[in-house]
Amino acid sequence: MGIQIAPSILTADFARLADEAAKVSNADWLHVDVMDNHFVPNLTLGVPVVESLVKAAPMPIDCHLMIEDPDRWAPGYVEAGASSVTFHIEACQAPIRTAREIRAKGARASMALKPATPIEPYEDILSELDMVLIMTVEPGFGGQKFLDICLPKIRRTRDLVAKHGLDIWIQIDGGVSAETIERCAEAGADVFVAGSAVYSADDPNLMVEKLRTLAADAS
Ligand code: DX5
Ligand code: ZN
């Protein structure tokens with residue numbers, strides 16, 4: 001599939017989400033951060049807003065669920081029209097069942113790891129997934145500093161995916177910018193979420209292309 005860029009609307013203007021999505025029409029995905037004020041200390045949006053974004057955005061929706069009990073709620077985001085749904089393994093009781101439900105309803109299933117969560121315990125369930133999201137900041141807020149200590153985990157995840165001969169994308173989220181994206185691509189990531197780097201740029205679409213080129217050249 002190659003390099004993909006997924007701008008996060010977390011740092012966009014929430015009163016003008018359709019316009020903000022249109023500003024990044026070159027992007028492969030629109031990354032939508034769902035936060036419940038329990039799993040993370042921040043509150044954003046839920047199913048009704050995702051439903052509207054699916055209709056308004058020119059690209060598919062990539063839902064990142066930073067919520068408790070994703071086993072219960074994740075299928076509803078597929079029904080809302082999201083093309084990819086990511087649950088946090090730290091909050092998940094039945095990741096195999098949840099991933100299978102997401103896939104059965106027609107979306108890509110993805111598992112997210114917070115910075116201190118290792119990939120190794122989940123080697124045996126990788127075949128149930130379409131993507132692994134490796135957080136490079138503590139989840140909850142945009143604009144945080146990229147954590148270099150997560151780079152070895154990206155490498156180890158890429159090695160495990162290769163070892164099992166799987167076709168799994170590795171997504172990076174948090175502090176991704178023109179300064180940090182090459183390190184992640186070199187380590188084996190191929191899907192890049194960028195919030196503040198894209199939405200604080202004078203031309204968000206141009207930044208999407210810049211990030212894509214930097215990642216492609218480093219991978
Ligand atoms: C943080 C969210 C990210 C956030 C990234 O918990 O999951 O998607 O929007 O923002 P930046 O790119 O500014 O770190
Ligand atoms: Zn996110």
Side-chain angles (χ1 to χ4, degrees), residues 3-14 17 20-21 23-24 27-46 49-50 53 57 59-68 70 73-74 77 82-92 107-117 130-151 153-154 169-185 189-201 204-205 207-208 210-212 214-215:
I3 299 298
Q4 300 183 74
I5 306 294
S8 162
I9 53 158
L10 188 59
T11 36
D13 180 348
F14 271 42
L17 287 178
E20 297 286 72
K23 279 186 192 167
V24 291
D28 302 278
W29 297 87
L30 191 67
H31 183 86
V32 177
D33 291 302
V34 176
M35 304 186 187
D36 66 352
N37 230 356
H38 293 275
F39 181 70
V40 288
N42 198 2
L43 184 67
T44 54
L45 50 85
V49 177
V50 170
L53 272 170
M59 69 290 279
I61 302 298
D62 166 35
C63 262
H64 177 191
L65 304 181
M66 283 161 277
I67 60 174
E68 296 292 357
W73 303 112
Y77 286 87
S83 301
S84 177
V85 174
T86 300
F87 56 85
H88 267 269
I89 194 64
E90 302 87 354
C92 195
R108 296 177 61 85
S110 163
M111 172 182 79
L113 307 173
K114 291 166 72 172
T117 305
D130 298 296
M131 185 167 82
V132 174
L133 165 50
I134 297 176
M135 293 296 305
T136 41
V137 297
E138 292 290 358
F141 301 94
Q144 302 182 75
K145 192 174 174 317
F146 179 83
L147 293 171
D148 275 285
I149 55 166
C150 299
L151 288 169
K153 182 162 57 180
I154 302 173
W169 300 346
I170 299 179
Q171 185 179 59
I172 303 305
D173 184 7
V176 172
S177 69
E179 284 69 50
T180 57
I181 196 167
E182 290 164 296
R183 280 174 256 169
C184 301
D190 51 10
V191 186
F192 301 89
V193 177
S196 46
V198 166
Y199 278 105
S200 67
N205 251 338
M207 181 54 75
V208 167
K210 181 176 178 177
L211 293 172
R212 191 193 299 286
L214 287 169

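Worth knowing before you read on, the calculation uses all heavy atoms, side chains too, and leaves out hydrogens, waters and symmetry mates. Counting starts at 1 for both ligands and their atoms, following the listed order. Note that this is a predicted model, so its numbers are computed, not measured.
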Distance in Å, Gln4 CD paired with Leu211 CG, rounded so as to fall on 0.5 Å steps: 14.0 Å
Gly175 near ligand 1 by a heavy-atom separation under 4.0 Å: yes
Residue and atom name of the nearest protein heavy atom (relative to atom 6 (O) of ligand 1), distance in Å to one decimal: Gly140 N, 2.7 Å
Under 4.0 Å to a heavy atom of Val193 - the qualifying atoms of ligand 1, by number: 8 (O)
Check: Pro115 and Glu138 side chains under 4.5 Å, non-hydrogen atoms: yes
Protein heavy atom at shortest distance from atom 13 (O) of ligand 1: Ser196 OG, 2.5 Å
Minimum heavy-atom distance between Trp29 and Met59, given as atom pair plus value: C-CG, 3.6 Å
Protein residue, atom and distance nearest to atom 1 (C) of ligand 1, heavy-atom basis: Phe141 O, 3.5 Å
Atom 10 (O) of ligand 1: nearest protein contact (heavy atom, Å): Gly142 CA, 3.5 Å
Nearest protein heavy atom with distance in Å, relative to atom 12 (O) of ligand 1: Gly195 N, 2.7 Å
Side chain, backbone, both or neither: the part of Ser8 lying under 4.0 Å from ligand 1 by heavy atom: side chain
NE2 on His64 to CG on Asp173, rounded to 0.5 Å: 5.5 Å
Closest to atom 5 (C) of ligand 1 among Asp173, Val40, Leu10, Thr86 (heavy-atom distance): Asp173
Rounded distance (nearest 0.5 Å) linking atom CG of Asp13 with atom OH of Tyr199: 10.5 Å
Check: Asn42 side chain, Gly140 main-chain N or O, donor-acceptor pair, under 3.5 Å: yes
Thr86/Leu65 under side chain to side chain contact (heavy atoms under 4.5 Å, CB included): CA gap, chis, key distance, verdict: CA-CA 6 Å; Thr86 300; Leu65 304 181; over 6 Å; no
From Asp62 atom CG to Gln171 atom CD, the distance as rounded to the nearest 0.5 Å: 4.5 Å
Interfacing atoms of ligand 1 (cut-off 4.0 Å, heavy-atom, Pro139): 6 (O)
Asp33 heavy atom under 4.0 Å from ligand 1: yes
Donor-acceptor contact present, side-chain Asp130 to main-chain Ser110, <3.5 Å: no
Nearby protein N/O/S atoms (those under 2.8 Å) for the Zn ion (ligand 2), with water ignored: His31 NE2, Asp33 OD1, His64 ND1, Asp173 OD2
Asp33-Thr44 side chain donor-acceptor pair, cut-off 3.5 Å: no
His31: numbered ligand 1 atoms lying under 4.0 Å from its heavy atoms: 8 (O)
Counterpart residues, salt bridge (Lys or Arg N to Asp or Glu O under 4.0 Å), relative to Arg183 (two or more places apart): Asp148
